[in-house]
Amino acid sequence: MFADKIINWYSEFGRQLPWRDTDNPYYIWLSEIILQQTRIEQGRSYYEHFVKQYPTVQDLANATEEQVLKSWQGLGYYSRARNLHAAARHIVYDLQGRFPDTYESILALKGVGRYTAAAIASFAFGLPYPVIDGNVYRLIARLYQVYTPIGTNKAYREFEQRLMHLIDKERPGQFNQALMDFGSMYCKPTGCDCTNCIFSQDCLAYRNGVVDMLPVRPSAVKVKERYFYYFDIRWSSPNPIIVVQQRGQGDIWQGLYELPLCETDRPVESSELMDWMRETVRNWMGEEPQRMELGPCLTHQLTHRTIKAQFVQVFFNDRPIKMPKKMQPIEWSEMKYLPISRLIDRYLSEL
Ligand code: SF4
C-alpha cells in the first residue's frame with residue numbers, strides 16, 4: 001500500500017526536526033508560519049528563538065507588535081509576524097487560550113491557509129487532512145502523470161482529492177511528513193535516482209519518460225522594478241542622531257522602521273541625482289545640509305518586485321529647523337532595538 005510504503009521510508013530516512021518531537025499545537029503552528037517561504041536551515045534557528053522567547057501562546061500575545069517584529073527581523077515577509085501576533089491575541093483573549101482543534105477553526109486563524117491548517121490539524125490533532133506543498137505537488141504529479149499546472153485552485157482541489165484516497169487515516173501526521181520529506185529528499189526537481197526509487201514500478205512519469213516535464217509550472221509572474229531613494233540624515237546632539245520613519249499600511253514592510261524615503265516611477269538621471277536629493281532635503285528640513293555624500297546603490301529582490309535602492313548620507317551640524325511629522329530623530333545607539341527591513345539592515349551593515 002502506498003501509505004505504508006512511504007511511512008516505512010520516512011521511519012528510516014525522514015529528517016529529525018525540533019518541531020517534529022512535539023504535538024503541542026502552539027509549537028507546530030509557530031514552526032509552520034516560520035517555514036512559509038523560508039528554508040528549513042534558516043527557519044530552525046528562528047523557531048528555537050521564538051520557543052525560548054515566547055514559550056506559550058500567552059507570552060506571544062502579551063508581547064508588543066514591535067517586539068515580535070524585532071524577533072522576526074531577517075526572515076522577511078513581515079505580514080507573517082503581524083498575523084502570528086494577532087492570532088495569538090485572538091486565541092488568548094477570544095478563545096480563552098484554547099488552541100482551535102478542528103480544520104475549519106484552525107483555517108480561520110489570521111495568516112493560516114489551507115496548507116498550514118492541514119499541517120496543524122494532522123500533526124497536532126491527528127486529523128486526516130493532506131498537506132500540499134511544492135514537494136508534494138511534484139511527487140504526486142509524477143506518480144500519476146498529472147499535467148494540470150500547479151499553484152491554482154483547480155490543481156489544489158485535484159491533488160487534494162487524490163491525496164484523500166491515499167492518506168493513512170490512522171497516521172495522517174506521519175503520512176504528510178513522509179510525503180514532504182520524500183518529495184524534497186528523493187523525488188527532487190532534477191537528478192532523482194528513479195531506478196532505485198521505491199515507486200519505480202508504479203510511477204507513471206518514470207515509466208513514460210516524462211519525469212523532467214512534471215510538474216507543470218504556472219506561467220511566470222512578471223517582476224516589476226521600484227526605485228527607492230533613502231536619505232540617511234544625521235547630526236550630533238551631543239550623541240549621534242539619525243532620522244527614521246515607520247512604514248505605513250498597504251505596502252511592503254508595514255510597521256517596520258526605515259530611513260526617510262522618496263520613491264519614483266523611474267530612476268532619477270545620475271546627472272540630476274545630487275541636485276534633486278539636495279532639493280528634497282531642503283524642502284523637508286527647511287535648510288541646506290552641511291554636507292551630502294552619495295552612498296551605496298543596493299538591489300533587493302522580493303517575490304514580485306525588484307527594489308533598486310540608492311542611499312545618500314546627509315549631514316547637519318545641529319537639529320534642522322523643521323522636519324516632516326512622520327520623521328523621528330533617535331539616538332544612533334537605539335537603532336538596534338527597532339524592527340527594520342533586511343534592505344536597511346544590509347545598508348547599515350555596509351557602513
Ligand atoms: S520514480 Fe522518480 S519521479 Fe517517480 S516518484 Fe520515484 S523519484 Fe520521483
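Counting convention: from 1, in listed order, for ligands and their atoms alike. The model shown is predicted, which means the values in this text are computed figures rather than measured ones. Note that the numbering runs from 1 along the sequence shown for the chain.
At a cut-off of 2.8 Å, C197 is counted among the residues with an N, O or S atom near atom 6 (Fe) of ligand 1.
For the pair R282 and E279, the salt-bridge criterion is met [side-chain N within less than 4.0 Å of a carboxylate O].
Ring centroid separation for the pair F199 and F2 comes in under the 6.0 Å cut-off.
For L139, every heavy-atom contact with ligand 1 shorter than 4.0 Å involves the side chain, none the backbone.
Two residues are said to be in side-chain contact when any heavy atoms from C-beta on lie closer than 4.5 Å; F13 and D181 fail this criterion. In this structure the side chain of S31 never reaches within 4.5 angstrom of the side chain of W29, judged on heavy atoms.
Atom 4 (Fe) of ligand 1 has as its closest protein heavy atom C203 SG, 2.4 Å. If you check which protein heavy atom lies closest to atom 8 (Fe) of ligand 1, you get C187 SG, 2.5 Å. Nearest protein heavy-atom contact of atom 2 (Fe) of ligand 1 is C194 SG, 2.4 Å.
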ask   = Does the pair N317 and R291 meet the rule for a side chain to side chain donor-acceptor pair (under 3.5 Å), with working shown?
value = CA-CA 9 Å; N317 281 343; R291 186 160 56 90; over 6 Å; no
